[in-house]
Amino acid sequence: MKAYVFPGQGAQFVGMGLDLYENHSLAQEYFEQANDILGFSITDIMFEGTVEELKQTKVTQPAIFLHSVILSKVLGETFKPDMVAGHSLGEFSALVANNTLGFEDALKLVSQRAMAMQKACELKPSTMAAVLGLDDEVVEKICEETPGIVVAANYNCPGQLVISGEVEAVNLACESLKEAGARRALLLPVGGAFHSPLMEPAREELAAAIENTAFNQPACPIYQNVTTSAVNDPEEIKANLIAQLTAPVKWTQSVQNMVKDGATSFVEVGPGKVLQGLVRKIDSGMETASATV
């Protein structure tokens, strides 16, 4: 069984999607449609903008979504997933890939999500940090014992966990984690505390938009960040997508469940190769590849 996986924020690079635009008329149509939907030329920023311009959350999230989804559309008949999953933002790309969401509806939701998260970030100084070389349980316990808001946010692979919360609490937790034997505990260059309680204002805003969007019966199951198991019910998918903003991304557990359910290879659709690396750390014998046209 072939599993298709879709990257999240951090995978972006200047020039992303340009080859698709130049070589495929279908891709060109989708990119131009995206410019109209968003009300600004995202293609200009993706193809020839600066790293700083591309790093803005309101640009980054739609850009990665577009690269992933348009690539899957260009693949045409060869794109036949048996199961899908996406890392955080990538979950929206995965939901277009398995026909749960239409392109236009999903892009609008991604744009609203990015704006809502940006606003939530501006309400309170917050950040995230990568923690390497400790068991998940140790990281969780230290977060619980640290004053202020700091939580485990991304379970990326065994020995690699991202924490998220208030700046002071994250800094304190990093010190404790180093004392506990973490190989590294370093702050990430992000705008705020994604997948933490500090995203509650964004969750509320996005919930209303998701509730008003049509979700179809998926063509294949999606393994969602919140529950980590196969989901086929559109209402359940909606609820998990809403919960995702304040809940942790359980990537390790999702990949383990996909393997348990019969995945024999993982294909990453979109910019970069981050997810392939994580999949191999979760299951060293697993076959991985990038989607190419």
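Along the sequence shown, residues carry numbers from 1. We use all heavy atoms of the structure for the numbers below, so side chains are in, but hydrogens, waters and symmetry mates are not.
The ring of Y30 has its center no closer than 6.0 angstrom to the ring center of Y21.
Classification of E52 and K55 as a salt-bridged pair holds, one side-chain N sitting under 4.0 Å from a carboxylate O. One finds no salt bridge joining K273 and E268 here, because no Lys/Arg side-chain nitrogen approaches an Asp/Glu carboxylate oxygen to under 4.0 Å. Using a cutoff of 4.0 Å between basic side-chain nitrogens and carboxylate oxygens, K108 and E104 are scored as salt-bridged. Ion pairing of E205 with K119 is present here, as a side-chain N (NZ or NE/NH1/NH2) and a carboxylate O approach within less than 4.0 Å.
For the residue pair Q61 and Q9, a side-chain donor N or O sits within less than 3.5 Å of a side-chain acceptor on the partner. Counting only N and O atoms by type, the side chains of T43 and N35 include a donor and acceptor under 3.5 Å apart. Remark: the E91 side chain and the N225 side chain contain an N/O donor-acceptor pair separated by less than 3.5 Å. Side-chain contact, N257 with S229: no donor N or O sits under 3.5 Å from an acceptor N or O.
The line from CD of Q56 to OG1 of T60 is 7.5 Å long, rounded to the nearest 0.5 Å. Note: L206 CG to L241 CG = 6.5 Å, rounded to the nearest 0.5 Å. Between the CD atom in E236 and the CD1 atom in I222 there is a gap of 11.5 Å [rounded to 0.5 Å]. With rounding to the nearest 0.5 Å, the separation of OG1 in T146 from NZ in K141 is 10.5 Å. Distance CZ/F31 to CG/L20: 5.5 Å, rounded to 0.5 Å. Interatomic distance, CD1 of I45 versus CD of E53, reported as 5.5 Å (0.5 Å rounding).
Annotation for A63 and M16: closest pair O-CE, 3.4 Å, computed over non-hydrogen atoms. Smallest separation of non-hydrogen atoms from L75 and A291: CD1-CB, 4.0 Å. In terms of heavy atoms, M199 sits closest to C121 at CE-SG, 3.9 Å. Nearest approach of G270 to L71, heavy atoms of both residues: N-CD2, 3.7 Å. Contact detail for M46 and L54: the closest heavy-atom pair is CA-CD1, 4.3 Å. The shortest heavy-atom contact between A106 and V96 is CB-CG2, 3.4 Å.
Atom NZ of K58 sits in a sparse spot, with 12 or fewer heavy atoms from other residues, nucleotides or ligands closer than 6.0 Å. More than 12 non-hydrogen atoms from other residues, nucleotides or ligands lie less than 6.0 angstrom from NZ of K73.
Residues S88 and F194 have side chains not in contact (no heavy-atom distance under 4.5 Å, counting atoms from C-beta outward). Within the 4.5 Å cutoff, no side-chain heavy atoms of E200 are placed close to those of L245. Inter-residue side-chain proximity for F92 and L109 is flagged as met; some heavy-atom pair is nearer than 4.5 Å. Using a 4.5 Å heavy-atom cutoff, the side chains of L107 and L38 are in contact. Looking only at side-chain heavy atoms (C-beta outward), H67 and P271 come within less than 4.5 Å of each other. Looking at R113 and L89, their side chains come closer than 4.5 Å, going by heavy atoms from C-beta outward. Using a 4.5 Å cut-off on side-chain heavy atoms (C-beta onward), P218 and I237 make contact. At a threshold of 4.5 Å between non-hydrogen side-chain atoms, the residues S164 and S126 do not count as touching.
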task = Please lay out, stage by stage, how S290 and T292 fare under the test side chain to side chain donor-acceptor pair (under 3.5 Å).
result = CA-CA 6 Å; S290 294; T292 52; over 6 Å; no
key: F266/V255 under side chain to side chain contact (heavy atoms under 4.5 Å, CB included): CA gap, chis, key distance, verdict   = CA-CA 9 Å; F266 282 75; V255 171; 3.9 Å; yes
inquiry  = Pair V293, H24 - check side chain to side chain contact (heavy atoms under 4.5 Å, CB included), show working.
reply    = CA-CA 10 Å; V293 285; H24 303 276; 3.5 Å; yes
request  = Would you check, one step at a time, whether the test side chain to side chain contact (heavy atoms under 4.5 Å, CB included) holds for V231 with N240?
outcome  = CA-CA 10 Å; V231 187; N240 291 338; 3.9 Å; yes
Steps toward side chain to side chain contact (heavy atoms under 4.5 Å, CB included) verdict (N232, Q217) = CA-CA 7 Å; N232 285 294; Q217 188 61 41; 4.2 Å; yes
inquiry  = Under the criterion side chain to side chain donor-acceptor pair (under 3.5 Å), I'd like the reasoning laid out for T264 against E287: C-alpha separation, chi angles, the key distance, then a yes or no.
reply    = CA-CA 7 Å; T264 51; E287 187 186 314; over 6 Å; no
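In this structure a side-chain-to-backbone donor-acceptor pair under 3.5 Å is missing from S284 to R280. No donor-acceptor pair closer than 3.5 Å links the side chain of E144 to the backbone N or O of I142. The backbone N or O of V69 lies less than 3.5 Å from a partner atom in the side chain of S72, making a donor-acceptor pair. No donor-acceptor pair closer than 3.5 Å links the side chain of D283 to the backbone N or O of V279. D135 places no side-chain N or O within donor-acceptor distance of the main-chain N or O of E137, the cut-off being under 3.5 Å. Distance alone, capped at 3.5 Å, is enough to place a donor-acceptor pair between the N23 side chain and the D19 backbone. In this structure a side-chain-to-backbone donor-acceptor pair under 3.5 Å is missing from T228 to Q224. S68 places a side-chain N or O within 3.5 Å of a backbone atom of V269 that can act as its donor or acceptor partner.
Hydrophobic cluster membership is shared by L66 and I64, with clusters built from Ile, Leu, Val, Met, Phe, Trp and Tyr side chains linked at under 4.5 angstrom. Clustering ILVMFWY residues whenever any of their side-chain heavy atoms sit less than 4.5 angstrom apart, transitively, puts V274 in a cluster other than the one holding F13.
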Side-chain donor-acceptor pairs of residues 154-163 under 3.5 Å, sequence neighbours excluded:
{"unit_1": "Y155", "atom_1": "OH", "unit_2": "E140", "atom_2": "OE2", "d": "2.6"}
{"unit_1": "N156", "atom_1": "OD1", "unit_2": "H87", "atom_2": "NE2", "d": "2.9"}
{"unit_1": "N156", "atom_1": "ND2", "unit_2": "Q160", "atom_2": "OE1", "d": "3.2"}

Under 3.5 Å, sequence neighbours excluded: what are the donor-acceptor pairs made by side chains of residues 79-86?
{"unit_1": "K80", "atom_1": "NZ", "unit_2": "E77", "atom_2": "O", "d": "2.8"}
{"unit_1": "D82", "atom_1": "OD2", "unit_2": "K2", "atom_2": "N", "d": "2.7"}

Donor-acceptor pairs under 3.5 Å, side chain of residues 168-190 to any protein atom, not counting sequence neighbours: which ones?
{"unit_1": "N171", "atom_1": "ND2", "unit_2": "V167", "atom_2": "O", "d": "3.3"}
{"unit_1": "S176", "atom_1": "OG", "unit_2": "L172", "atom_2": "O", "d": "3.3"}

